[in-house]
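A short write-up of the structure that comes next.
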Amino acid sequence: MASNNSQPLQGMTDICAPEVFLWQQLESVARSVFDLYGFCEIRTPVLERTEVFTHSIGDDTDIVQKEMYTFEDRGGRSLTMRPEGTAGVVRYLSGVGQEARDARVFYIGPMYRAERPQAGRKRQFHQCGVEMVGEANPVLDAECIALQLQLLEAWGLTDCSVQVNTRGQAGETGAIAEQLKAELEPERENLCEDCRRRMDANVLRVLDCKNPACGAIVEKLPPITEFMSDESSEYFENVVAALQDLGLSPEVNPRLVRGLDYYNHTVWEITHKALGAQDALAGGGRYTIGKGKNELSGVGFAIGMERVMMALEAKGVAGEDYAGGLDVWLVSMGEAAMAANFKLEQKLRAAGVSCNMDLNGRSMKAQMRAANRADAKFVVIRGESEMERGILLLKDMDSGEQTEERPDTLVARLRS
Ligand code: AMP
């Protein structure tokens, strides 16, 4: 049987040329958009103590219940591969005191969830996200959404849909849950098995259950804002108004709650129609994480990079569009030419000219094929007669034009 050793683990992907060119392009665009908003990059470890996630994401969430890659290290400590970015960033920020007060950070990196792999759902996937530390303020929430949409637009995704909702301020969660439970109690037997469990553990999640029977029951409930204080409803109205002031038109979806416990006030989700069943491109929300002097409030978002790639591919954008070819490929016929080209190659690189060459003495034809594969703009050719005459041939691969050049003026010639 053929060996499968060259394959990565199920649900994980090797990202290489040509796709990797698109990844690099998107990452570079993201960095320049984050610069516009005064954000600084943060790179937290991929591996954390398990409680970093269980204490913030919440024990009764899908992520903590069934999706975390958790194991014991040699000392018996429980460790987890990060399933999302916020918990680690907040762990860091809650330890730096005053410095974190108005922190604005972004991250781009891999996340791990032990989910059933399917189209658009992977076990290692990448998120690009931000965290904006700050007390609850509708304008900050609106700025966060505006940044996210500007980033998606800069990537070429102008046709995204934004849905927003509120979960009420942090202190109200218990009261909201109680009222919601009381409303749902007469229908308990008609809810799916998961929702009957959620009724007691995490009743808000009944609202976004995908089961049609549960959906029909939830449809008849009053909007969630009816269960919260005027202050919380007003906060949400101000978020929507601030977005409208910026010319954005989010759809209010009273069923949107998002899967993580740390959210309060504003939550949102961004979808794209090209994605099919897994149409969530990105999410975000306001949160309070930690207790006492470690408590931190902020607002943030995370965008699924693989889904961005899928949406762009549906628009015909491909990695090849961003492939950057070499400046020069050096072709050598004979040992003396190869040695001279090897030295020249290092000189060219030191001068900022990208180049490469064959070191195995292959035929002229094979070397020219390699130059084409590397998408070289120019080819330098040297054989015995060029060596004797102290010149080299420079071929422009676009026009096919070939000129004689001197090695010591080659860099200047390439720059002209
Ligand atoms: P979440 O942290 O669950 O709110 O996810 C934020 C975004 O990450 C989603 O909108 C997806 O685009 C992406 N995402 C989440 N889980 C996965 C996964 N298993 N595979 C690929 N992308 C994912």
Side-chain angles (χ1 to χ4, degrees), residues 8-15 19 23 26 30 44 46 48 52-54 56-58 60-69 80-90 106-131 144-145 147-149 151-152 155 157 160-165 167 202 204-205 208 210 253 255-264 266-287 289 298-314:
L9 290 171
Q10 200 193 9
M12 306 201 176
T13 312
D14 299 307
I15 303 169
E19 294 85 33
W23 283 83
L26 297 189
T44 62
V46 163
E48 297 269 6
V52 168
F53 305 111
T54 48
S56 55
I57 296 172
D60 195 63
T61 54
D62 284 352
I63 291 185
V64 170
Q65 288 268 313
K66 40 188 191 206
E67 293 170 3
M68 294 203 307
Y69 281 106
T80 293
M81 306 280 288
R82 63 178 184 199
E84 55 92 65
T86 304
V89 173
V90 168
F106 76 89
Y107 58 86
I108 305 176
M111 306 294 160
Y112 301 86
R113 294 186 195 171
E115 302 189 78
R116 198 165 55 79
Q118 49 182 288
R121 193 171 281 290
K122 307 196 94 44
R123 290 180 171 168
Q124 178 184 280
F125 58 98
H126 297 74
Q127 287 186 340
C128 171
V130 305
E131 311 300 344
C144 192
I145 298 174
L147 159 59
Q148 192 174 16
L149 289 172
L151 176 56
L152 290 167
W155 282 340
L157 296 174
C160 302
S161 315
V162 190
Q163 296 196 334
V164 287
N165 194 24
R167 291 170 55 124
N202 192 352
L204 269 187
R205 291 308 310 274
D208 69 353
K210 299 281 182 286
N253 174 0
R255 287 184 62 177
L256 181 74
V257 291
R258 310 253 313 128
L260 318 181
D261 275 3
Y262 54 53
Y263 286 122
N264 54 62
T266 324
V267 284
W268 68 90
E269 198 154 88
I270 300 183
T271 53
H272 194 278
K273 55 184 181 320
L275 294 178
Q278 304 295 328
D279 67 350
L281 190 63
R286 168 160 285 286
Y287 51 81
I289 298 181
V299 59
F301 67 67
I303 305 178
M305 296 301 287
E306 279 77 2
R307 305 232 177 130
V308 169
M309 303 286 159
M310 284 169 74
L312 285 174
E313 272 159 27

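For this chain, numbers begin at 1 and follow the sequence in order. Only this structure's heavy atoms are used, side chains among them; waters, hydrogens and symmetry mates stay out. We count ligands from 1, going down the list as the structure has it; atoms in each ligand are counted the same way.
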Please name all residues satisfying side chain to side chain donor-acceptor pair (under 3.5 Å) with Arg205, sequence neighbours left out, ordered by chain then number. Asp208

Under a 3.5 Å cutoff, is there a donor and acceptor pairing between the side chains of Arg167 and Tyr263? no

Name the residues with a heavy atom less than 4.0 Å from ligand 1? Arg113, Glu115, Gly120, Arg121, Lys122, Phe125, Gln127, Arg258, Ala280, Leu281, Ala282, Ala302, Gly304, Arg307

How far does CD of Glu84 sit from CE of Met68, to the nearest 0.5 angstrom? 10.0 Å

Identify the two heavy atoms, one from Ala282 and one from Gln148, that lie closest to each other, and give their separation to 0.1 Å. CB-NE2, 3.2 Å

Residues forming a ring-ring contact (aromatic ring centres under 6.0 Å, His included) with Phe301, sequence neighbours excluded: none

How would you list, by chain and number, every residue that makes a side chain to side chain donor-acceptor pair (under 3.5 Å) with Gln127, sequence neighbours excluded? none

